[in-house]
Amino acid sequence: MSQSRFAAIILAAGSGTRMKSAIPKVMHSIAGRPMITHLLDALYPLTPAATVVVIGPQMEIVARIVAPAESIVQDPPLGTGDAVRTGLRALGDRLAPLGDIDELLVLYGDTPFLTTATLSHLLEERRRASAAILVSGMRPVDPSAYGRLVLADDGTLEHIVEAADATAEEQAIGLVNGGIMMIEARHLGELLDAVDTDNAKGEVYLTDIVGLARRKQLRCRTVELPAEELLGINTRIELAEAEALMQRRLRRAAMESGVTMVAPETVFLCVDTRLGRDVIIEPNVTFGPGVTVEDGARICSFSYLEGAVVGPAARVGPFARLRPGAVLEEDVHVGNFVEIKAARLGAGAKANHLSYLGDSEVGSGTNIGAGTITCNYDGVNKFRTIIGEHAFIGSNTALVAPVSVGDGAIVAAGSVITRDVPADALSIARGLQVDKPGRAAEIWRRLQRKK
Ligand code: UD1
Ligand code: CA
């Protein structure tokens, strides 16, 4: 048989009431990425013939984030079965005739831990068993909120009963619906048409198609998977638990690939954080999205990095902040209370204390003295500061952009630089010092007399 083609329908139209949020549930992030994006990332390597995301009204933000996958609005959300029906309509428009497709993969937008390997395994299992419907099963520690899988004596799937509709006996079943369903395309429309709303929630349950299929003598099966992978996120508490679980996975993967973490449980990563070999991460470091740290670099405690590249053997922190567009080349040192934004520091450059470098370039080997500030913003526009190689910027210098400092130049401490400094020049831009011999002693005497 030629490889069967499948389309994916992802359900994300539910209001996510239990999150008590103004933003759609699937937009809540885990390790720096919205839940729905985690799911799409797991799905795409399997190259579905089409992917449709079913969203609710006023969820344009979800449509934007899932693009180029198509989205369709389900209004009002009448239940998961109705959502799949809505998704099928979009697919029918797109893949006419739908006969192109052999099977449909239905996923719930709130299960971010699914992996490509699992999805691929389930697709193979359905084909191997020639089941009309295959449902993922799991045994979570607390099964109470999930639909229970009722099995026949031969171990095949008989029907699914939702938590709200389960009898005491059914509630005692530990095997539950993990939320992934693979359905043979030719049966789906007919099965969905037969689903009613005669249940506790008055919704069109997708899960009812299992019992209906059995009545038509169609084979239904379940494959049990580790509960961790199928965790559904419905509340902020589950979101926090999911975050913790994802962080553990990411830290473990980083350490396995050669990163040292002194106190891994205090380091927070994003899914896209890239850490090279022999990188050392001290306790209490946070990585926002888009960070790459190259081999041998050290990130010291209490640093916060996002959208930044840290070059080989560079050193960041303690207490440093790297904002988007910060690029540190090899062996750069960025020390305590230094903030870098949209700035490139050339190899071996140092900014060790109390500085702000924004919209700037710093040449290799240049030293930025304590308290140096690039004044990049006039309240309306941003301007650039360009500093050459092997220059020296004295402490407490204000560089009023747009401005440049040439190679090898020295800027005296306390300067306010408003004009370009030529290469190899010494620039001093501060009030001149006046010394009045003996005056201090005189002042002290006068003050004491007053007492
Ligand atoms: C659902 C399953 C349950 C399973 C559990 C796994 C049904 C009826 N129940 O329950 O068997 O154990 O997931 O996590 O399917 N959605 C829509 N449109 C709707 C309703 C829901 O798109 O009209 C979406 C939601 O946004 C969500 C997904 O479908 O992403 C699941 O809905 P949710 O309300 O979370 O279902 P559960 O009660 O968790
Ligand atoms: Ca759910």
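One is the number of the first residue; the rest follow in order along the sequence. Just so you know, ligand 1 is whichever comes first in the structure, and atom 1 is the first atom listed for that ligand.
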> Would you say the side-chain atoms of Asp272 pair up with the backbone N or O of Gly290, donor to acceptor, closer than 3.5 Å?
Replying inline: yes

>> Between ligand 1 and Thr80, is the shortest N or O to N or O distance under 3.5 Å?
In response: yes

>> Is the terminal nitrogen or CZ of Arg251 (NZ for Lys, CZ for Arg) located under 6.0 angstrom from the six-membered ring centre of Phe268 and within 45° of that ring's axis?
In response: yes

>> Taking distance alone, with N or O pairs closer than 3.5 Å, would you say Thr207 contacts ligand 1?
In response: no

>> Once side chain to side chain donor-acceptor pair (under 3.5 Å) is applied, what residue pairs with a partner in residues 71-80 remain, sequence neighbours excluded?
In response: Gln74-Asp82

> Starting from atom 15 (O) of ligand 1, which protein heavy atom do you reach first, and at what distance in Å?
Replying inline: Tyr108 OH, 2.6 Å

>> Show the atoms of ligand 1 that are less than 4.0 angstrom away from any heavy atom in Ala83.
In response: 17 (C), 18 (N), 22 (O)

> Going by the order shown, which atoms of ligand 1 are within less than 4.0 Å of some heavy atom of Pro77?
Replying inline: 19 (C), 23 (O)

> Should Glu125 and Arg128 count as an ion pair when the cut-off is N to O under 4.0 Å?
Replying inline: yes

> Does any donor atom in the side chain of Thr366 or Glu389 lie under 3.5 Å from an acceptor atom in the other side chain?
Replying inline: no

> Under the 4.0 Å line, does any protein heavy atom show up next to atom 35 (O) of ligand 1?
Replying inline: yes

> Within a strict 4.5 Å, meaning less than it, do heavy atoms of the Ile180 and Val106 side chains meet?
Replying inline: no

> Have Glu229 and Thr115 got a donor and an acceptor in their side chains that come within less than 3.5 Å?
Replying inline: yes

>> As an exercise, identify every atom of ligand 1 less than 4.0 angstrom from a heavy atom of Lys25.
In response: 35 (O)

> Side chain or backbone of Leu78 under 4.0 Å from ligand 1, or both, or neither, by non-hydrogen atoms?
Replying inline: backbone

> Do Glu162 and Lys201 come within less than 4.5 Å of each other through their side chains, counting heavy atoms only?
Replying inline: no

>> Side chain, backbone, both or neither: which applies to Ala12 and ligand 1 if a contact is any heavy-atom pair less than 4.0 Å apart?
In response: backbone

> Counting heavy atoms only, which part of Glu203 comes closer than 4.0 Å to ligand 1: side chain, backbone, both or neither?
Replying inline: neither

> Any side-chain donor paired with an acceptor under 3.5 Å for Tyr377 and Asp359?
Replying inline: no

> To the nearest 0.5 Å, what is the distance between CZ (Arg323) and OH (Tyr356)?
Replying inline: 5.5 Å

>> Which residue and atom name correspond to the protein heavy atom nearest atom 23 (O) of ligand 1, and how close is it?
In response: Gly79 N, 2.7 Å

> So is Arg18 close enough to ligand 1, meaning a heavy atom under 4.0 angstrom away?
Replying inline: yes

> Hey, which of Thr385, Leu399, Thr397 is the one that makes side-chain contact (heavy atoms from CB on, under 4.5 Å) with Val405?
Replying inline: Leu399

> Is Arg186 salt-bridged to Asp102, cutoff N-O under 4.0 Å?
Replying inline: no

> With a cut-off of 4.0 Å, which atoms of ligand 1 are near a heavy atom of Gly147?
Replying inline: 3 (C), 4 (C), 11 (O), 12 (O)

> Can you check whether Leu11 has an N/O within less than 3.5 Å of an N/O in ligand 1?
Replying inline: yes

> Counting each atom of ligand 1 from 1 as listed, which ones have a heavy atom of Tyr205 under 4.0 Å away?
Replying inline: 8 (C)

> What residue and heavy atom of the protein are closest to atom 4 (C) of ligand 1, and at what distance?
Replying inline: Asn177 O, 3.4 Å

> How about Val271 and Thr37: do any of their side-chain heavy atoms sit closer than 4.5 Å?
Replying inline: no

> Which heavy atom of the protein is the closest neighbour of atom 18 (N) of ligand 1, given with residue, atom name and distance?
Replying inline: Gln74 OE1, 2.8 Å

> Which residue and non-hydrogen atom of the protein lie closest to atom 14 (O) of ligand 1, and at what distance in Å?
Replying inline: Tyr146 CE2, 3.7 Å

> Can Ser144 and Asp142 be counted as having a side-chain donor-acceptor contact under 3.5 angstrom?
Replying inline: yes

> Would you say Asp82 touches ligand 1, if touching means a heavy atom closer than 4.0 Å?
Replying inline: no

> Any idea which protein heavy atom is nearest atom 16 (N) of ligand 1, and the distance to it?
Replying inline: Gly14 N, 3.6 Å

> Who gets closest to atom 9 (N) of ligand 1 by heavy atom: Lys201, Met59, Glu162?
Replying inline: Glu162

>> List ligand 1 atoms under 4.0 Å from Gly109, heavy atoms only on the residue side.
In response: 30 (O)

>> With respect to the Ca ion (ligand 2), please indicate if Tyr108 possesses an N, O or S atom at a distance under 3.0 Å.
In response: no

> Under 3.5 Å between some N or O of ligand 1 and some N or O of Ala13?
Replying inline: yes

> Can you tell if the side chain of Val403 reaches within under 4.5 Å of the side chain of Val400, non-hydrogen atoms only?
Replying inline: no

> So which N/O/S atom does Asp110 have closest to the Ca ion (ligand 2)?
Replying inline: OD2

